[in-house]
Participant: 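First, the structure itself, so that you have it in front of you.
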Amino acid sequence: MIKAVIFDLDGTLAYTLPDLTEGMNKARACYGLPPITEQFLLTFINGTTDQFIRNAFPQGHSDEYYSKAKEIYLNEYGQCYLHNTKAYDGMAETLSKLYADGLPLAVFTNKDNDHANDIVKKLYGDKIFDEILGTGRFPGKPSPEGALYLAEKYGAKPCECAFVGDSDIDMKTAKNAGMVAVGATWGYREKEILIGAGADITADNPRDIYEIIKKIK
C-alpha cells in the first residue's frame, strides 16, 4: 500500500522544454555563443543545474566561468520560466484525486528551488503538494536523501512511497531510496530508458497514475 507519492517536475508534472531552451539560449547569447536546439538540450535535461550549465556551455573552462554562467542562466530563465511551461493534460485531475484520498504529495526536483516552487504553485495551486524540494537542501538526484527525508516526514517506509518521474535519473533515485519507481512515458525519456533504469511500472498518461498508485500493494 502506498502512503505517499513523490513527483519529479520537468517532464513529469510540467512541460518546461521551451522555456528552459529560451533561458539557456539567452544565457549563451551573453557569451556570444550560438543558440542550441530543444533536441540537444533534451540530451542532458535531467541533471542538477550545475550539470545543466556545464553541458550547455563549452567544455574546459574554470569553475568560476561556470558559476558565473549559472548565475546568468538563472537570471535569464527567471524572466521566461512561465512563458510556455504548462501542466500535462490530466495531471491536475490525478493530483486532486490522490489529494482527496488523503495521500501526502511532494515534489523532488533537480530544478532551482525558487523556480520549482513558483512553477508548481502556478500550475497546481499551493494546497496539493505538502512540500516542493528543489536544489539546495539535499544533494541532487539520483542521490536519495531528499526522497528519504520526505518518506520520514510522512511516517512512511521507503517501500510505501511511490516516486513518479520521466527520466532514468528519477528511476535511479527511486531505486536508491528503496521506493516504487513509476516511469512517466509522456515526458522527456523513452519507455525503454525508464525500464532499463529500474522502473517497476510505467504509465503512458497522467490519468493512469491514480489507478496505478491505488493498485500497488
Side-chain angles (χ1 to χ4, degrees), residues 2 4-17 19-20 41-49 51-52 81 85-92 94-95 98 103-124 128-151 154 158 161-191 193-210 212-213 216:
I2 296 300
V5 187
I6 303 169
F7 288 85
D8 168 56
L9 176 52
D10 295 83
T12 301
L13 291 174
Y15 179 66
T16 56
L17 186 58
D19 290 341
L20 287 168
L41 188 144
L42 272 175
T43 65
F44 55 85
I45 197 170
N46 302 115
T48 64
T49 303
Q51 294 167 338
F52 192 53
Y81 68 113
T85 287
K86 60 183 180 180
Y88 285 104
D89 290 343
M91 184 56 77
T94 289
L95 294 174
L98 291 170
L103 277 177
L105 306 177
V107 176
F108 182 31
T109 173
N110 278 341
K111 200 177 199 70
D112 175 74
N113 190 68
D114 289 342
H115 294 154
N117 275 265
D118 286 349
I119 288 172
V120 172
K121 291 174 182 178
K122 173 73 173 181
L123 297 180
Y124 298 108
I128 292 290
F129 290 102
D130 177 75
E131 187 154 2
I132 302 163
L133 285 180
T135 57
R137 288 183 61 187
F138 299 97
K141 298 179 295 184
S143 169
E145 291 182 38
L148 291 172
Y149 154 79
L150 291 168
Y154 302 132
C161 299
F163 196 110
V164 183
D166 73 305
S167 75
D168 51 329
I169 297 295
D170 295 315
M171 300 302 96
K172 291 175 182 177
T173 303
K175 296 288 97 177
N176 290 340
M179 297 179 175
V180 179
V182 181
T185 67
W186 60 81
Y188 299 153
R189 293 288 179 263
E190 297 176 352
K191 179 183 289 189
I193 292 176
L194 301 178
I195 293 173
D200 295 302
I201 191 167
T202 60
D204 296 327
N205 187 295
R207 292 184 177 87
D208 297 337
I209 294 293
Y210 180 78
I212 287 172
I213 296 299
I216 294 173

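Since the model is a prediction, treat every value here as computed from it, not as a measurement.
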Participant: Donor-acceptor pairs under 3.5 angstrom involving side-chain atoms of residues 175-183: please list them, not counting sequence neighbours.
Facilitator:
residue: Lys175; atom: NZ; partner: Asp200; partner atom: OD1; Å: 3.0
residue: Lys175; atom: NZ; partner: Asp200; partner atom: OD2; Å: 2.9
residue: Asn176; atom: ND2; partner: Pro142; partner atom: O; Å: 2.9
residue: Asn176; atom: ND2; partner: Lys172; partner atom: O; Å: 3.2

Participant: Quick one: does any side-chain atom of Thr185 pair with a main-chain N or O of Ala203 as donor and acceptor, under 3.5 Å?
Facilitator: yes

Participant: Not counting sequence neighbours, which residues clear salt bridge (Lys or Arg N to Asp or Glu O under 4.0 Å) with Glu131? List them please.
Facilitator: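 Salt bridge (Lys or Arg N to Asp or Glu O under 4.0 Å) list for Glu131, sorted by chain: Arg137, Lys153.
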
Participant: Which atom names give the shortest non-hydrogen contact between Ser143 and Thr173, and what distance separates them?
Facilitator: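 So the two residues come closest at O-CG2, 3.9 Å.
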
Participant: On the 0 to 90° scale, with breaks at 30° and 60°, tag the Phe129-Phe7 ring pair as parallel, tilted or perpendicular.
Facilitator: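 Ring orientation, 0 to 90° scale: perpendicular.
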
Participant: Not counting sequence neighbours, which residues clear side-chain contact (heavy atoms from CB on, under 4.5 Å) with Asn113? List them please.
Facilitator: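 Counting only residues at least two positions away or on another chain, Asn113 forms a side-chain contact (heavy atoms from CB on, under 4.5 Å) with Asn117.
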
Participant: Quick one: list whatever passes side chain to side chain donor-acceptor pair (under 3.5 Å) with Thr135, sequence neighbours left out.
Facilitator: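 For Thr135, no residue satisfies side chain to side chain donor-acceptor pair (under 3.5 Å) once neighbours in sequence are set aside.
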
Participant: According to salt bridge (Lys or Arg N to Asp or Glu O under 4.0 Å), who are the partners of Lys122, at least two apart in sequence or on a separate chain?
Facilitator: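 Listed in chain order: nothing, the list is empty.
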
Participant: What residues form a side chain to side chain donor-acceptor pair (under 3.5 Å) with Asp114, not counting sequence neighbours?
Facilitator: none

Participant: What's the spacing between Thr109 OG1 and Ile6 CD1 if we round to 0.5 Å?
Facilitator: 12.5 Å

Participant: Does Arg189 reach the side chain of Asn46, with side-chain heavy atoms less than 4.5 Å apart?
Facilitator: yes

Participant: Taking side chain as C-beta onward, heavy atoms only, is Leu105 less than 4.5 Å from Tyr124?
Facilitator: no

Participant: Of the non-hydrogen atoms in Lys191 and Thr202, which two are nearest, and what is the gap between them?
Facilitator: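 What the structure gives for the nearest pair is CE-OG1, 3.7 Å.
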
Participant: List the residues meeting ring-ring contact (aromatic ring centres under 6.0 Å, His included) with Phe108, not counting sequence neighbours, and say none if there are none.
Facilitator: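 None.
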
Participant: Do Thr85 and Asp19 get their side chains close enough for a donor-acceptor pair, meaning under 3.5 Å?
Facilitator: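 Side chains of Thr85 and Asp19: pair found under 3.5 Å.
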
Participant: Mind checking what makes salt bridge (Lys or Arg N to Asp or Glu O under 4.0 Å) contact with Asp89, not counting sequence neighbours?
Facilitator: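 Asp89 satisfies salt bridge (Lys or Arg N to Asp or Glu O under 4.0 Å) with no other residue.
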
Participant: As an exercise, state the distance from CD1 of Ile193 to CD1 of Ile169, rounded to the nearest 0.5 Å.
Facilitator: 11.0 Å

Participant: To the nearest 0.5 Å, tell me how far Ile119 CD1 sits from Ile132 CD1.
Facilitator: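 Here the interatomic distance stands at 10.0 Å.
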
Participant: Under 3.5 Å, side-chain donor or acceptor atoms of residues 8-17 against the rest of the protein: list the pairs with distances, not counting sequence neighbours.
Facilitator:
residue: Asp8; atom: OD1; partner: Lys141; partner atom: NZ; Å: 2.8
residue: Asp8; atom: OD2; partner: Thr12; partner atom: OG1; Å: 2.9
residue: Asp10; atom: OD1; partner: Lys111; partner atom: NZ; Å: 3.4
residue: Asp10; atom: OD2; partner: Thr16; partner atom: OG1; Å: 2.5
residue: Asp10; atom: OD2; partner: Lys111; partner atom: NZ; Å: 2.8
residue: Thr12; atom: OG1; partner: Asp166; partner atom: N; Å: 3.1
residue: Thr12; atom: OG1; partner: Asp166; partner atom: OD1; Å: 3.2
residue: Thr16; atom: OG1; partner: Tyr188; partner atom: OH; Å: 3.0

Participant: How many angstroms lie between atom CG of Asp208 and atom CH2 of Trp186, to the nearest 0.5 angstrom?
Facilitator: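 Between Asp208 CG and Trp186 CH2, I get 7.5 Å after rounding to 0.5 Å.
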
Participant: Among residues at least two apart in sequence or on other chains, which ones pass side chain to side chain donor-acceptor pair (under 3.5 Å) with Thr94?
Facilitator: none

Participant: Check Asn110 against Gly47 and note the closest heavy-atom contact, atom names and distance.
Facilitator: CB-O, 3.3 Å

Participant: Can you list the residues that meet the ring-ring contact (aromatic ring centres under 6.0 Å, His included) rule with Phe138, with sequence neighbours excluded?
Facilitator: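 By the ring-ring contact (aromatic ring centres under 6.0 Å, His included) rule, Phe138 matches Tyr149.
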
Participant: Which residues satisfy the side chain to side chain donor-acceptor pair (under 3.5 Å) test with Tyr154, sequence neighbours excluded?
Facilitator: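 By the side chain to side chain donor-acceptor pair (under 3.5 Å) rule, Tyr154 matches Asp130.
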
Participant: Taking all non-hydrogen atoms of both residues into account, name the closest pair between Cys161 and Ile2 and its distance.
Facilitator: C-CD1, 4.0 Å

